[in-house]
Protein chains: 2
Amino acid sequence: MATRAAKSINGKAAPQALYQRIRADLEDKILSGRWPPGHRIPFEHELVETYQCSRMTVNKVLSGLAAAGIIERKRRVGSFVAKPVVQSAVLHIPDIQAEIAKRGEAYNYELLTRKRRKATKDDLDRLGMEQGCDVLVLSCRHIAKGRPFAYEERLINLDMVPPAVEIDFARVPPGTWLLGHVPWSEAEHQITATLADDDARQALALRKPAACLVVERRTWRKRKVITSVRVTYPNDLYRLTARFTPAGRG
Amino acid sequence: MATRAAKSINGKAAPQALYQRIRADLEDKILSGRWPPGHRIPFEHELVETYQCSRMTVNKVLSGLAAAGIIERKRRVGSFVAKPVVQSAVLHIPDIQAEIAKRGEAYNYELLTRKRRKATKDDLDRLGMEQGCDVLVLSCRHIAKGRPFAYEERLINLDMVPPAVEIDFARVPPGTWLLGHVPWSEAEHQITATLADDDARQALALRKPAACLVVERRTWRKRKVITSVRVTYPNDLYRLTARFTPAGRG
DNA sequence: GCGCTGATTATGTATAGACATAGAACGTCC
DNA sequence: GGACGTTCTATGTCTATACATAATCAGCGC
């Protein structure tokens, strides 16, 4: 079993070490959604059978996945795909609905516009894509204590998230739905301060120009963009906090 | 060697598993600064001697530390304490000087005020501390291409960083110096958009009120605050980006 | 039905031994 | 001196085995 070199598992390029290939294999099953959150991972002894290696090796893989928060393990019970993290401990720009609820304020949400179209050049720009795709274009606003709290403009890549077209986003905010249903592997935020543009000013019911915090986020799965969103917060209503520890030092 | 239970290494509470205690022990040596960046970690076989365990066990510890970015390992060479991350891959609010240099723009820096004092109530508030301490109070501005780029107000906890009092911050920006000389274990950012206050407006040479991005950061080592800084960027000159991947999914 | 007990089982931790491999150090040859 | 192989060694990976431990489950007595 110690022979290195090729021995491809399911036909993809072999990284090198056996345990890395096993890990890549399992991660792929999970991140691709084939094994959804809550799905039971085969027992260690089954994986030993599957990959024809020792238990120590699959144990190393599973321990690593658990440490990375991708799976959860319970003694005597088994290992399961972890629920997607609603809110990364790292960057606290979560689901706006949950955010407001946590503060104990009344939450309200309104879908302003919804359009499905082939991506325009501008859409592709915002998504950071080259190739065309179908997109769902949404704008909405979030209301806390009766006051407009955030204005959200979102693009969803329908090629990556076909089910999104079926969802009634007049009832459930797109961010909430996406967080709960679409696994992602990478995210990028850009944060700027600007004076609200006309759309935003209208949606936020701002009389005169005001400083706003603008958060633009793009989310990927496997190097393909899932969604791009720009959220505009009036200056006095939002405060973004990010707290972290250099990897693993907690 | 398989006897669990106590067996305290260096007299601190034993987490439980041997490899966890070894890890805690090494991490402590590193984060406390006793083993500074670049310091050579004992060879695996030496650690085996020290902790009286098998090489697999110390290997697991060292691999973990390497995965967490706390140490770097090189075959045939050894393991070394990693250089402090100048710029976390996670939150990109780095050294302003380096930032501007990377853009290839002319950089200039001016110390505006410097004061040493017993922390006032307000200072303690900004540091998030209860207990009094000595602080160094600095304000300065960063200039790119001849134009004020950022206004920085900083507090340094001199109890945590005594050498700071010796440094000539008219020559080297405090952020640059601190990043290079003081290890930290945790940081928190708060980001808001506001209209520049008077101090900031003057320092940034803004004629009229303008939307500014305000980044407040506090940095800790071992639960004690090292420094607190508030940086104000005129709206059109700065864009904060944060890119990340849920732990370990790279 | 209820609560206790003990068996079962998957994971958690640790071991010793083995071979692979990258890269530094050293020596050799031209 | 500089371009080469060779050796040496610390880390990288893997195995087979062992025992610990937590949680579940079945069986028992009442």
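Computed from a predicted structure; not experimentally measured. Just so we're on the same page: letters track the sequence lines, and every chain starts at 1.
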Carboxylate-amine/guanidinium contact R34(A) D28(A), below 4.0 Å: yes
Short N-O contact, D25(A) and K29(A), less than 4.0 angstrom: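 Yes, this pair counts.
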Contact under 4.0 Å: T57(A) side-chain N or O vs dT15(D) OP1/OP2: yes
N or O in side chain of Q20(B) less than 4.0 angstrom from dG12(C) OP1/OP2: no
Heavy atoms from C-beta onward define the side chain here; which of [options] lies closest to that of [X]?
{"X": "Y19(B)", "options": "dT15(D), dA14(C), dT13(D)", "answer": "dA14(C)"}
{"X": "M56(A)", "options": "dG12(C), dT17(D), dG12(D)", "answer": "dT17(D)"}
{"X": "L18(B)", "options": "dT15(C), dT13(D), dA16(D)", "answer": "dT15(C)"}

In whole angstrom, give the distance that lies between atom [atom1] of [X] and atom [atom2] of [N].
{"X": "R55(B)", "N": "dC19(C)", "atom1": "CZ", "atom2": "P", "result": "14 Å"}
{"X": "E46(A)", "N": "dT9(C)", "atom1": "CD", "atom2": "P", "result": "14 Å"}
{"X": "H45(B)", "N": "dC8(D)", "atom1": "NE2", "atom2": "C1'", "result": "13 Å"}
{"X": "I22(B)", "N": "dT13(C)", "atom1": "CD1", "atom2": "P", "result": "13 Å"}
{"X": "E49(B)", "N": "dT15(C)", "atom1": "CD", "atom2": "P", "result": "13 Å"}
{"X": "N59(A)", "N": "dT17(D)", "atom1": "CG", "atom2": "P", "result": "17 Å"}
{"X": "E44(B)", "N": "dT15(C)", "atom1": "CD", "atom2": "P", "result": "13 Å"}
{"X": "R21(A)", "N": "dT13(D)", "atom1": "CZ", "atom2": "C1'", "result": "12 Å"}

E46(B), CD: over 12 other non-hydrogen atoms inside 6.0 angstrom: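 Counting neighbours around CD of E46(B), more than 12 heavy atoms of other residues, nucleotides or ligands fall under 6.0 Å, so yes.
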Approximate separation, where rounding is to 0.5 Å, of T227(B) OG1 and R218(B) CZ: 11.0 Å
Side chain to side chain contact (heavy atoms under 4.5 Å, CB included) between N157(A) and I226(A), worked out: CA-CA 5 Å; N157(A) 180 348; I226(A) 298 169; 5.8 Å; no
Sugar-phosphate only, base, or nothing, as touched by S79(B) at under 4.0 Å among non-hydrogen atoms: sugar-phosphate
R126(A): partners by salt bridge (Lys or Arg N to Asp or Glu O under 4.0 Å), with sequence neighbours left out: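 Partners of R126(A) by the salt bridge (Lys or Arg N to Asp or Glu O under 4.0 Å) criterion come out as none, since no residue qualifies.
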N/O-N/O pairs, protein side and nucleotides 23-25 of chain C side, under 3.5 Å:
{"unit_1": "dG23(C)", "atom_1": "N2", "unit_2": "R76(B)", "atom_2": "NH1", "d": "2.7"}
{"unit_1": "dA24(C)", "atom_1": "N3", "unit_2": "R76(B)", "atom_2": "NH1", "d": "3.2"}

H142(A) and Y109(A) aromatic centres sub-6.0 Å: yes
